[in-house]
Asks: 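Once you've had a glance at the structure underneath, I'll fire off some questions.
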Amino acid sequence: MSRPPADPPAMPSLLVFAVAVLLFGSPLRRLWLAQGAPASLPFLVWLGVIALGGWVAHRSLRP
């Protein structure tokens, strides 16, 4: 029995997930959670991850 074809958007989505894990689960978060950082910076980081995910999804739907 042959394997079904892989879902093409899966790989870019995993890349976005890896970037999000890197930003939110590693010591890198100390850069944007520093004492003197603006209060809106964590929200801007989330917005960047969401925008990256939207861009990847939009790009993967093109033929």
Side-chain angles (χ1 to χ4, degrees):
M1 180 178 257
S2 65
R3 294 176 77 185
D7 188 15
M11 189 57 105
S13 298
L14 288 175
L15 179 65
V16 172
F17 178 74
V19 169
V21 166
L22 181 68
L23 284 174
F24 297 116
S26 72
L28 276 177
R29 68 178 170 202
R30 291 183 187 171
L31 294 174
W32 50 272
L33 290 176
Q35 187 72 15
S40 62
L41 194 56
F43 298 107
L44 291 175
V45 172
W46 268 113
L47 182 65
V49 169
I50 292 168
L52 180 64
W55 179 72
V56 165
H58 175 71
R59 227 182 118 107
S60 65
L61 291 177
R62 282 195 224 165

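Here the structure is a predicted model, which means the values were calculated and not measured. All values below come from the heavy atoms of this structure, side chains included, with hydrogens, waters and symmetry mates left out.
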Asks: Taking all non-hydrogen atoms of both residues, which atom of Pro42 and which atom of Leu33 are closest, and how far apart?
Replies: CG-CD2, 3.9 Å
Asks: Same cluster or not: are Leu31 and Leu22 linked, directly or through other Ile, Leu, Val, Met, Phe, Trp or Tyr residues, by side-chain heavy atoms under 4.5 angstrom apart?
Replies: yes
Asks: Tell me the closest heavy-atom pair linking Val56 and Pro12, and the distance in Å.
Replies: CG1-CB, 3.0 Å
Asks: Take atom CZ of Phe17 as the centre, draw a 6.0 Å sphere, and report whether it contains more than 12 heavy atoms from other residues, nucleotides or ligands.
Replies: no
Asks: Checking Leu23 against Val45 for the side chain to side chain contact (heavy atoms under 4.5 Å, CB included) test, could you report, in this order, the C-alpha distance in whole Å, the side-chain angles of both residues, the deciding distance, and whether it holds?
Replies: CA-CA 8 Å; Leu23 284 174; Val45 172; 4.0 Å; yes
Asks: Please answer: with hydrophobic residues joined when any side-chain heavy atoms are less than 4.5 Å apart, are Leu41 and Val19 in the same cluster?
Replies: yes
Asks: With rounding to the nearest 0.5 angstrom, report the CG to CG distance, Leu47 to Leu52.
Replies: 11.0 Å
Asks: Are any non-hydrogen side-chain atoms of Phe24 and Val49 less than 4.5 angstrom apart?
Replies: yes
